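First comes the structure, then the notes that go with it.
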Amino acid sequence: MFIQIDNPKRSIKSIRNLFVDPPPRNKTLHVNGVRMTETGFDVCYTASGQPFAVSIQLPEHLLKRLQEIDGDVLAPTMCAIAMAFAPFLFKLSDFKTVLIEGFAIDKESKEFFSKFLQGGLGEFRYIQGLDPTRAIQVEATRYQVPTPNKSDTDYHVLMLNGGGKDTVVAGELLAMSGQPFTWVTIRPNQARRSVVELSGNANSIEIGYVLDKNLESRKAYPWGHFPHTSVVLSLGLLVAQLVGARYVCAGNEQSANHGNLMFRGFEINHQYTKSFEYEKGFHDYVTRCVSPDFEIFSILRPFNDLQLAKIFSHFRKYHGSFISCNKGISRNEWCNNCPKCAFTALALYPFLEAEEHRDIFGEDVMQRPSIRRHILDLTSAKIKPWECVGTRNECKLALALMLERYPGKSFEEAPDLKDFESALSGFDALQARSELLDTTCPE
């Protein structure tokens, strides 16, 4: 675990925050509920007396089904969706309280949502010079004991589609098991649609959403990390209710359980909503408040990121279409300049021929000094890069395997081969391979 006390950049931002969001920062974010629209529904909020909304767009057959189901049955799911989008509103202020007015909740849900907000916003608050250890209080105007409904479900699976290598592996594992499933894509783009097309499984549902444009004009804080997996899971749950599918399957791996740093006793994890801790909390919420007939799980949880890279290397039909770069996925391209590109390239390098690697990234990205600097950060930095990347030891093992497979690799400028070798000083690659790669389900 990385440990950090504080840094000068945070101190500077803390001073700025005194003016844009003055202490004691005791404002309340109001979760008003949802309202139906012609294309889906709006999730409605109020902050500082101003209304805000997130608009959800549904395909026609789901919209029709939504209009047929009793609102009380869908209320706990709509509440989960509203809370999943709530972190977006923290651009306006570091709210002390989130008050749920449009839904009745129980005390366990209050604790779950509070823990989610603090964990999901940990990186955002840390980067913005705020205090990630301050708890976010969740309250409601109505409390009641939940009455989960019996749901008419079958054994169909919904596979959540992120468009990256993990999604590909998850979908292929389901296909190889003979389990029928339907792709569910939140905010579709070319890369995500390519995964569906190449899978040969035409069963697909697409959901869109649009953020309130006033969030940008009235923000106090610059844009930062948003825990998007919470949105994907909650909207996936809604689709399951509307189509009668029992299983909502994600592609979140074991590596997501490991945070980026420990700050004043609080773990900050870029991948918090991909972690098993969050997944279990959300599953328990669904069982308790929605229905015990739904199962929320991640099919990739037994595997780490490096194992998944090895598995993915065999699915060559996807190599020219998948995108795991968060900066470039909306443009259907790799930026070839960020920590996520560096990690994906590093993780795949030991398992691909050089030509196959170039086919994915369009070049030998290892020749880019910026990528090599990111690799040094992945293997040696005090803070793990703020991206969905593997653990330090997974990255070190990938680097060792890359140098073993390509012993003649050289670089004309720093960082160079000596820097890579220095990053591996004292690292037992043989032991790491036994623990991280050669076992199916590591401890």
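Small disclaimer: the values here were computed from a predicted structure and weren't measured. Only heavy atoms go into these numbers, but all of them, side chains included; no hydrogens, no water, no symmetry mates.
- Taking 4.5 Å as the limit, every side-chain heavy atom of Phe322 sits out of range of all side-chain heavy atoms of Ser194.
- Taking each heavy atom of Gly122 and Pro132 in turn, the nearest pair found is O-CB, 3.8 Å.
- With sequence neighbours excluded, no residue forms a side chain to side chain donor-acceptor pair (under 3.5 Å) with Arg372.
- Residue pairs meeting the salt bridge (Lys or Arg N to Asp or Glu O under 4.0 Å) criterion with at least one partner in residues 342-353, sequence neighbours excluded, are Glu353-Arg405.
- Residues Phe297 and Cys249 are in side-chain contact: their nearest non-hydrogen atoms beyond the backbone lie under 4.5 Å apart.
- Side chain of Arg301 to main chain of Glu253: a donor-acceptor pair is present (N/O by atom type, distance under 3.5 Å, no hydrogens or angles).
- Ring-plane geometry between Tyr221 and Phe124 is classed as perpendicular, the angle between the planes exceeding 60 degrees on a 0 to 90 degree scale with a lower cut at 30.
- Counting heavy atoms of neighbouring residues, nucleotides and ligands inside a 6.0 Å radius, atom NZ of Lys96 does not exceed 12 of them.
- By the side chain to side chain donor-acceptor pair (under 3.5 Å) test, His283 is found to be paired with Glu295, residues two or more places apart in sequence or in another chain being considered.
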For a quick test of your reading: what N or O donor-acceptor pairs under 3.5 Å do the side chains of residues 421-434 make, sequence neighbours left out?
residue, atom, partner, partner atom, Å
Asp428, OD1, Leu430, N, 3.3
Asp428, OD1, Gln431, N, 3.0
Gln431, NE2, Glu435, OE2, 2.6

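- Asp21 places no side-chain N or O within donor-acceptor distance of the main-chain N or O of Asn17, the cut-off being under 3.5 Å.
- Gln307 places a side-chain N or O within donor-acceptor distance of the main-chain N or O of Asn304, the cut-off being under 3.5 Å.
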task: For the pair Phe41 and Val54, evaluate side chain to side chain contact (heavy atoms under 4.5 Å, CB included) and give the outcome as yes or no after the intermediate values.
output: CA-CA 9 Å; Phe41 61 94; Val54 178; over 6 Å; no
What donor-acceptor contacts under 3.5 angstrom involve side-chain atoms of residues 410-420, with partners at least two apart or in another chain?
residue, atom, partner, partner atom, Å
Asp416, OD1, Lys418, N, 3.2
Asp416, OD1, Asp419, N, 3.2
Asp419, OD2, Asp416, N, 2.8

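- Judged as a salt bridge (Lys or Arg N to Asp or Glu O under 4.0 Å), and not counting sequence neighbours, Arg246 has no contacts.
- The backbone N or O of Arg392 lies less than 3.5 Å from no partner atom in the side chain of Lys384, so there is not a single donor-acceptor pair.
- Between Leu130 and Arg10, every side-chain heavy-atom pair lies at or beyond the 4.5 Å cut-off.
- Under a 4.0 Å N-O distance rule, the pair Lys91/Glu216 qualifies as a salt bridge.
- Under the rule for a salt bridge (Lys or Arg N to Asp or Glu O under 4.0 Å), the partners of Arg65 that lie at least two apart in sequence or sit in another chain are Glu68.
- Residues Pro350 and Lys310 form no side-chain contact, since every pair of their non-hydrogen atoms from C-beta on lies 4.5 Å or further apart.
- Within the 3.5 Å criterion, the main-chain N or O of Pro385 finds a donor-acceptor partner in the side chain of Asn260.
- The CG atom of Asp154 sits 11.5 Å away from the CG atom of Asp293 when rounded to the nearest 0.5 Å.
- Within the 4.5 Å cutoff, the side chain of Ser230 has heavy atoms near those of the Phe116 side chain.
- No donor-acceptor pair under 3.5 Å is formed between the side chain of Ser114 and the backbone N or O of Val138.
- The minimum heavy-atom distance between Ala86 and Tyr45, with the atom names listed, is N-OH, 3.7 Å.
- Taken from CD1 in Ile205 to CD1 in Ile186, the straight-line distance is 9.5 Å, to the nearest 0.5 Å.
- Ion pair Lys110/Asp106 not flagged as a salt bridge, since none of the NZ, NE, NH1 or NH2 atoms sits closer than 4.0 Å to an Asp/Glu carboxylate oxygen.
- Smallest separation of non-hydrogen atoms from Glu356 and Arg316: OE2-NE, 2.6 Å.
- Put simply, CZ on Phe263 and CD1 on Ile383 are 10.0 Å apart, with the number rounded to the nearest 0.5 Å.
- Heavy atoms only, all atoms of each residue included: Pro148 and Pro292 are closest at CB-CD, 4.0 Å.
- Aromatic rings of Tyr278 and Phe112 (six-membered ring for Trp) have centroids within the 6.0 Å cut-off, being under it.
- Counting heavy atoms from C-beta outward, Tyr406 and Tyr349 have side chains that approach closer than 4.5 Å.
- Minimum heavy-atom separation, Leu436 to Glu394: CD1-N, 3.9 Å.
- With hydrogens and angles ignored, the 3.5 Å screen pairs no side-chain donor or acceptor of Thr97 with any backbone N or O of Leu99.
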Checklist entry - How far apart are the C-alpha atoms of His314 and Phe351, what are their side-chain angles, what is the distance that settles it, and do they pass the ring-ring contact (aromatic ring centres under 6.0 Å, His included) test? => result CA-CA 9 Å; His314 297 289; Phe351 311 115; 8.4 Å; no
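- The 12-atom threshold is exceeded at NZ of Lys317, counting heavy atoms of other residues, nucleotides or ligands nearer than 6.0 Å.
- Within the 3.5 Å criterion, the main-chain N or O of Gly320 finds no donor-acceptor partner in the side chain of Asp359.
- Although no hydrogens or angles enter the test, the distance criterion places no donor-acceptor pair under 3.5 Å between the side chain of Arg368 and the main chain of Asn337.
- Looking only at side-chain heavy atoms (C-beta outward), Leu117 and Met83 come within less than 4.5 Å of each other.
- Shown here are the side chain to side chain donor-acceptor pair (under 3.5 Å) partners of Arg331, two or more places apart in sequence or in another chain: Glu333.
- Counted within 6.0 Å of CD on Glu197, heavy atoms from surrounding residues, nucleotides or ligands total 12 or fewer; the atom is thus considered open.
- The shortest heavy-atom contact between Pro302 and Gln254 is O-NE2, 3.6 Å.
- In this structure, Arg25 fails the cation-pi test against Phe95, since its NZ or CZ atom is not both closer than 6.0 Å to the six-membered ring centre and inside 45 degrees of the ring normal.
- Among pairs with a residue in residues 364-389, those fulfilling ring pair (Phe, Tyr, Trp, His ring centres under 6.0 Å) read Tyr126-Trp386, at least two apart in sequence or across chains.
- Side chain of Ser199 to backbone of Val196: a donor-acceptor contact under 3.5 angstrom is found.
- For the atom pair CD1 of Ile360 and CG of Leu352, the computed distance is 5.0 Å after rounding to the nearest 0.5 Å.
- Atom CD1 in Ile81 sits 12.5 Å away from atom OH in Tyr209 (nearest 0.5 Å).
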Name each donor-acceptor pair under 3.5 Å that joins a side chain in residues 156-178 to protein atoms two or more places apart or in another chain, with its distance.
residue, atom, partner, partner atom, Å
His156, NE2, Thr182, N, 3.3
His156, NE2, Thr182, OG1, 2.7
Asn161, OD1, Gly163, N, 3.0
Asn161, ND2, Thr185, OG1, 2.9
Asn161, ND2, Arg192, O, 2.9
Lys165, NZ, Asp305, OD1, 3.1
Thr167, OG1, Gly162, N, 2.9
Glu172, OE2, Tyr318, OH, 2.6
Ser177, OG, Leu174, O, 2.6
Ser177, OG, Gln179, N, 3.3

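- Applying the side chain to side chain donor-acceptor pair (under 3.5 Å) criterion to Glu277, with sequence neighbours excluded, gives Tyr272.
- Residue pairs meeting the ring pair (Phe, Tyr, Trp, His ring centres under 6.0 Å) criterion with at least one member in residues 163-182, sequence neighbours excluded: Phe181-Trp183.
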